[in-house]
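First comes the structure, then the notes that go with it.
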Number of protein chains: 2
Amino acid sequence: MLASNVKPFETPMPGPVIFKRLWETGLLKNNEVAALAGLSWTRQNVPADGSIDSRRDLCLLSSGMVFRQRTMEDGVRRLMSMVVPGDICCYAIVTGHMTLSTLCAVTPCTVMRAPMEEVITLCEHYPNILAALLANLSIDTAVTEELLLSIGHRTALERMAHFLCELEFRLRRVRLADHAQFLLNMTQADMGAYLALSAVHVNRTLQELRRRGLVRTVGARINLLDQAELQRIAGFSPAYLTDAR
Amino acid sequence: MLASNVKPFETPMPGPVIFKRLWETGLLKNNEVAALAGLSWTRQNVPADGSIDSRRDLCLLSSGMVFRQRTMEDGVRRLMSMVVPGDICCYAIVTGHMTLSTLCAVTPCTVMRAPMEEVITLCEHYPNILAALLANLSIDTAVTEELLLSIGHRTALERMAHFLCELEFRLRRVRLADHAQFLLNMTQADMGAYLALSAVHVNRTLQELRRRGLVRTVGARINLLDQAELQRIAGFSPAYLTDAR
DNA sequence: CGTTAGCTTGAAATCTGTCAATGATTGTGG
DNA sequence: CCACAATCATTGACAGATTTCAAGCTAACG
């Protein structure tokens, strides 16, 4: 089935859209979303290229685009995974671990923070909230595995098509994509660091997609003109992005 | 610091070696390991190429080598992550999720199983056990990210060197590697499916390592002759494999 | 002893990276 | 408002790594 036909976003949700992904696990009741909303949230604005410290808080991305990145010995930076609005920036709160990667904003963004102790107390009262966090973690793991597939076994064109299909799906889920249009606010070099392609080749790959009439770009705005064909090229199927229990 | 100098396995451990990785999180007390050992474990023997069903049990690999694999649309199979003895085969028990990948034995192996309900009850009594499971999950995520780095940003030679360094470390941790020697019981095609290399190139890469005097193979037995140089080539540092809290 | 899976080798094709130069766009300070 | 700098996008030529194809070889195993 094509992603454009998939509508996993039907159930009306209580509370702010920032909890949408947690809500979509199907594990939370209304009062649990309310309990989440009742935490001492603070808002933080992060400039482009800024980093996000998630050691003391549970951080949800509210707007903008963030990557988990790792800098290799030789100084080359590698974008490991992508965080879009509604996503949890860091799961250290459930795993008890700091990760080796750091959070880096590629656009100006805003982060909602809740103190870690509060969240832990909340999880003790509401085990479903912990379960929902873990369900999100599981999805994010699947996303990383899909990227592994992409980088290991898809050509540049397939990889780029897959990236665009996934991004459209994830942004649409939080109402940031409409009619297969969304803002692609990152440089081609950033895309390359994420997809393991050189910036030059990212450029050529996007041109090829344009040449085939599959995408159109106007500034940072991108339009997927033929999602079915993009998904076919990419071998994209959105199952890994949803809570398929 | 070189991996050969790292000795994270010092604390004497109570109970079977199969719980070693959980014990090494530092989160468990002796009585908690005893409680784990007290579950209704059953042993399952799996032939080479057999698959492992982890839907109803917590599965720990006891011997042999297993991969989490995914079969792409075109039928090509892709090995996503490696499971060695002592590892948890599947984290569905904590995430509540089935994964898209399946567990496939590449050698004959034995699996220890504990019924999921028992484990869940145990985690409710002993939150530290849940924490230890989550800590292992976190490490396994880091391992997948390291593979992502390897496949995206390391050459075939670096990738293979990294693979061998990691494998040596993980097998030594459970006393299955000694003096940089261990059994590499998988075909070159399997290595290729894991490292995103063609079987032919796996072969040439291993030859190059042999030519440089870095490894020696006798049948399935492999000997890392110059770990320091292998680690240098690979950019290997075992931090991601340990519970660096 | 034949069969089969796995290993090895060579040659050619292909994809992607690197280098280097040129445009385009954006933001900034005068 | 303009000149300027800086970042980003684009283009071409070339090099290199890796894949694919095809063929032998080896070793294990019934």
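Keep in mind that the numbers below use all heavy atoms, side chains included, and drop hydrogens, waters and symmetry copies. Proteins get letters first, then strands, A, B, ... in listed order; numbering begins at 1 in each.
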Cut-off 3.5 Å, no hydrogens considered: what does the side-chain donor-acceptor table look like for residues 99-107 of chain B, sequence neighbours left out?
from, atom 1, to, atom 2, distance (Å)
B:Thr99, OG1, B:Ser101, O, 3.2
B:Thr107, OG1, B:Met65, N, 2.9

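Between the NE2 atom of B:His153 and the C1' atom of D:dT18 there is a distance of 17 Å, given to the nearest Å. Across the protein-nucleic acid pair, A:Asp190 atom CG and D:dT7 atom P stand 14 Å apart, rounded to whole Å. Rounding to whole angstrom units, CD1 of residue A:Ile222 and P of D:dA9 are separated by 12 Å. In this structure, the CZ atom of A:Arg154 is 18 Å from the C1' atom of C:dT16, given to the nearest Å. Counting to the nearest Å, the P atom of D:dT18 and the CD atom of B:Glu158 are 9 Å from each other. We find that CG of B:Leu206 is positioned 13 Å from C1' of C:dG6, with the value rounded to whole Å. Rounded to whole Å, atom C1' of D:dA17 lies 16 Å from atom CG of B:Leu195. Atom CD in B:Glu208 sits about 11 Å away from atom P in D:dA17, given to the nearest Å.
By the 30° and 60° cut-offs, the orientation of the rings of B:Tyr194 relative to B:Phe67 is perpendicular.
Taking the charged nitrogens against the carboxylate oxygens, A:Arg21 and A:Asp140 do have a contact shorter than 4.0 Å, which makes a salt bridge. Ion pairing between a basic and an acidic side chain is recognised when a charged N comes within 4.0 Å of a carboxylate O; B:Arg70 and A:Glu146 show such pairing.
At least one side-chain nitrogen or oxygen of B:Gln188 sits closer than 4.0 Å to the OP1 or OP2 atom of C:dT8.
Here D:dT10 is the nucleotide among C:dC7, D:dT10, D:dT19 with the atom lying nearest to any side-chain atom of A:Asn203. Of all nucleotides listed (D:dT11, C:dT16, C:dT9), C:dT16 comes nearest to the side chain of A:Thr155. When the nucleotides C:dG17, D:dT18, C:dT9 are ranked by their closest atom to the side chain of B:Gln207, C:dT9 comes out on top. With D:dT18, D:dT20, D:dT11 as the candidates, the nucleotide lying closest to the side chain of B:Ser198 is D:dT20. Nearest to the side chain of B:His201, among D:dT20, D:dT18, C:dT8, sits D:dT18.
Across all strands, B:Arg210 comes closer than 4.0 Å only to sugar-phosphate atoms, never to a base (heavy-atom distances). Across all strands shown, B:Ala196 has heavy atoms under 4.0 Å from sugar-phosphate atoms exclusively, and none from any base. In this structure, A:Ala48 reaches neither bases nor backbone, as no heavy-atom distance under 4.0 Å exists between it and the strands shown.
Side-chain polar atoms of B:Ser150 and B:Arg159 form no donor-acceptor pair below 3.5 angstrom. Under the 3.5 Å distance criterion, with hydrogens and angles disregarded, no donor-acceptor pair is assigned to the side chains of B:Glu158 and B:His153.
Summary for the helix from C:dC1-D:dG30 to C:dG30-D:dC1: the axes at its two ends, each from 5 pairs, differ by 40° when rounded to the nearest 10 degrees.
Here B:Leu230 contributes atom CG and B:Leu209 contributes atom CG; the two are 6.5 Å apart, rounded to the nearest 0.5 Å.
Each of B:Arg204 and B:Met186 was assigned the nucleotide of DNA chain C with the nearest heavy atom; the assignment lying further toward the 5' end belongs to B:Met186.
With contacts defined as side-chain heavy-atom distances shorter than 4.5 Å, the pair B:Asp57/B:Gln44 does not qualify.
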